[in-house]
Amino acid sequence: MKFGGTSMGSAERIRVAAGICAAERRKRPVVAVVSAMSKITDLLLDTLRRAETGDQAGMDSNLSRLQERHVETCRELLPPEKQEAVLAGIHSLISDFQRIANGVLMLGERPPRSVDEAVAIGERLSAMLMASYLESTGVRSVAVSGADIIVTDAVFGNASPLMGPTREKARRDLLPWIEGGVLAVVTGFNGSAADGRPTTLGRGGSDFSASILAAVLDASELWIWTDVDGILTADPRLVPDAAVLGEVTYSEAAELAYNGAKVLHPRTLAPLIEKQIPVWSKNSFALDKPGTRIVSKTDSPGGPRAVTSMASVALISIESESSALSTNQLLARAMDAMARTSVEVLVLTNSSYRQNFCFLVRKDELPVALSALESELSLELAHGYVRPIEVDQNVGLLAIVGEGMRGTPGIAGRVFTAISREHINIIAIAQGSSELTIAVVVHRDGLEKAVRAVHAECRMAERAHRAE
Ligand code: ADP
Ligand code: ASP
Ligand code: MG
């Protein structure tokens, strides 16, 4: 059972989450994985940024907010006689964070490994609160740090798990709790490198923590509790009439997540596919709703099922100026340069006739992408064999996802017509080789409108309702 930030957002929500775990535990063993309380990770990161720029006042005010939120929650959650020990625990974790923040303040620098160590505090606070509450209601429970179980590489801020060593640790240090009937509440988002240095799995990474643990513990199911009714045909914040999908395949869910559906961390499904562990996405605010089941095969008739979008992206265009340098050569070298960085190429299209190609990256990865390209192509750029690299930051990505879209003729055409009808500029199009996704890059201003237009044109809500 994984509980996201909103599902852990207050004493009331923690009670509900604990209740869900306790009820299920009467039927079968349960491990809980928790996120930090909502907005806490943002607050911790903001505090470190302020520390880096020497903004001591801002840092102190953030620290008070951090303290207040958890102290208040603790007082609301626990009976008075249980509060003292937990309040001491809260103070001690916040002092650890403060120590790191002071280090950042003094150095004027935010080393990624210190950031990872510091932000882990958010999940450690929420796990402690949940485990203490469970104990206070008579459910034997223990808070476990994900850093003691999940072994990762040393890519701070976006680490990848080492499944073998993680399995060993989970079997050695987590399984005995489960077998002993103790409900372990594990902190999501954090792990540690083989040498013990703390790491994190990327923003939203608690979903990934839960799927890693589900895989290494051979779980029968993974339930991801969030604040919407499951996986919807679109982000309900953009498309109010988006409908819940009863079932989606691992591939569909992964495509949706990779193309911006925040409801799942992109890497969540990979560890589960091999063992075919089913996943449920459920609403902790509406326990009667069935949620979405993610499985390897569904009965869905196929065709476009959901649309996602990403706003913070940038399009990089590269064009050869000389026939001595073919588009293929240029493309190979550019992609090679990207491969040496951690930059993810989201969409790529090319024109051999015009000797150019363009690809999409996340805005926060743009500086790394550009410096890698400029150093790879420095000579060609200097001698004018390659035109100056162009960047368009005023774009957005939209992706239409559905198993079996190949079998639905005319989809691409309908999508383009629907977007053009809204007078939105289409900048690039790509159909994934999996034929599961059509990606469209549009002018940023039209992104939300384009999402709504595509959702309506493909009748996604109606199709989802009909499949129910
Ligand atoms: P949690 O804190 O539980 O991990 P997130 O905020 O990370 O929750 O993810 C849930 C949010 O994802 C929803 O509130 C919703 O706005 C957003 N979202 C984006 N696309 C979708 C989609 N296709 N289906 C459901 N939710 C989506
Ligand atoms: N708390 C972390 C974040 O906000 C991880 C998560 O919520 O999944 O990114
Ligand atoms: Mg999330």
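Counting starts at 1 for both ligands and their atoms, in listed order.
- Each of the following atoms of ligand 2 lies closer than 4.0 Å to a heavy atom of Arg203: 3 (C), 4 (O), 9 (O).
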Stepwise side chain to side chain contact (heavy atoms under 4.5 Å, CB included) test for Glu252 and Ile294: CA-CA 9 Å; Glu252 286 172 330; Ile294 308 171; over 6 Å; no
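- Residue-ligand proximity, Ala234 to ligand 1, at heavy-atom distances under 4.0 Å covers atoms 22 (C), 23 (N).
- For ligand 2, the atoms closer than 4.0 angstrom to any heavy atom of Thr41 are 1 (N), 2 (C), 3 (C), 4 (O).
- Here the heavy atom of the protein found nearest to atom 2 (O) of ligand 1 is Gly5 N, 3.1 Å.
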Worked verdict on Thr308 versus Asp235 for side chain to side chain contact (heavy atoms under 4.5 Å, CB included): CA-CA 7 Å; Thr308 62; Asp235 186 342; over 6 Å; no
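- In this structure, CD on Glu255 lies 5.0 Å from CG on Leu436, to the nearest 0.5 angstrom.
- Put simply, the side chain of Pro304 reaches to within 4.5 Å of the side chain of Met460, judged on heavy atoms.
- The protein heavy atom nearest to atom 14 (O) of ligand 1 is Asp227 OD1, 2.9 Å.
- Ligand 2 has no atom lying under 4.0 Å from any heavy atom of Gly188.
- Atom 11 (C) of ligand 1 has its closest protein heavy atom at Arg237 NH2, 3.6 Å.
- Under 4.0 Å is where a charged nitrogen must lie from a carboxylate oxygen, and between Asp218 and Arg167 at least one such pair does.
- At the shortest separation from atom 25 (C) of ligand 1 among protein heavy atoms lies Gly230 O, 3.3 Å.
- Within the 4.0 Å heavy-atom criterion, the part of Val228 lying near ligand 1 is the side chain and not the backbone.
- Listed by number with element, the atoms of ligand 1 under 4.0 angstrom from any heavy atom of Ala261 are 20 (N).
- Proximity annotation for atom 15 (C) of ligand 1: of Val244, Thr6, Asp235, Asp235 comes nearest, heavy atoms only.
- From the protein, the heavy atom lying nearest to atom 24 (N) of ligand 1 is Leu232 N, 2.9 Å.
- Nearest to atom 9 (O) of ligand 1 by heavy atom, out of Arg203, Lys2, Lys262, Lys39, is Lys262.
- Counting heavy atoms under 4.0 Å from ligand 1, residue Ser38 does not touch it at all.
- The atoms of ligand 2 that sit less than 4.0 Å from any heavy atom of Ser35 are 6 (C), 7 (O), 8 (O).
- Residue Gly204 places a heavy atom less than 4.0 Å from ligand 2.
- Contacts with ligand 2 closer than 4.0 Å are made by no heavy atom of His265, backbone or side chain.
- Of the possible donor and acceptor atoms, one in the side chain of Arg171 sits under 3.5 Å from a partner among the backbone N and O of Val216.
- At a heavy-atom distance under 4.0 Å, no atom of His265 approaches ligand 1.
- With 3.5 Å as the limit, one finds a donor-acceptor pair spanning the side chains of Arg267 and Asn158.
- Not a single N or O atom of Asp207, backbone or side chain, sits closer than 3.5 Å to an N or O atom of ligand 2.
- The CG atom of Asp46 sits 4.5 Å away from the CZ atom of Arg50 when rounded to the nearest 0.5 Å.
- Tested against Glu221, the residues Arg28, Lys282, Lys27 include a single salt bridge (Lys or Arg N to Asp or Glu O under 4.0 Å) partner, Arg28.
- In terms of N/O distances under 3.5 Å, ligand 2 is approached by Ser206.
- Looking at Asp229, Leu238, Thr226, it is Thr226 that brings a heavy atom closest to atom 8 (O) of ligand 1.
- A salt bridge links Asp42 with Arg203: at least one charged nitrogen is closer than 4.0 Å to a carboxylate oxygen.
- Using modelled atom types, one finds no donor on one side chain facing an acceptor on the other under 3.5 Å when comparing Arg15 with Thr137.
- Among protein heavy atoms, the minimum distance from atom 12 (O) of ligand 1 is reached at Val263 N, 3.4 Å.
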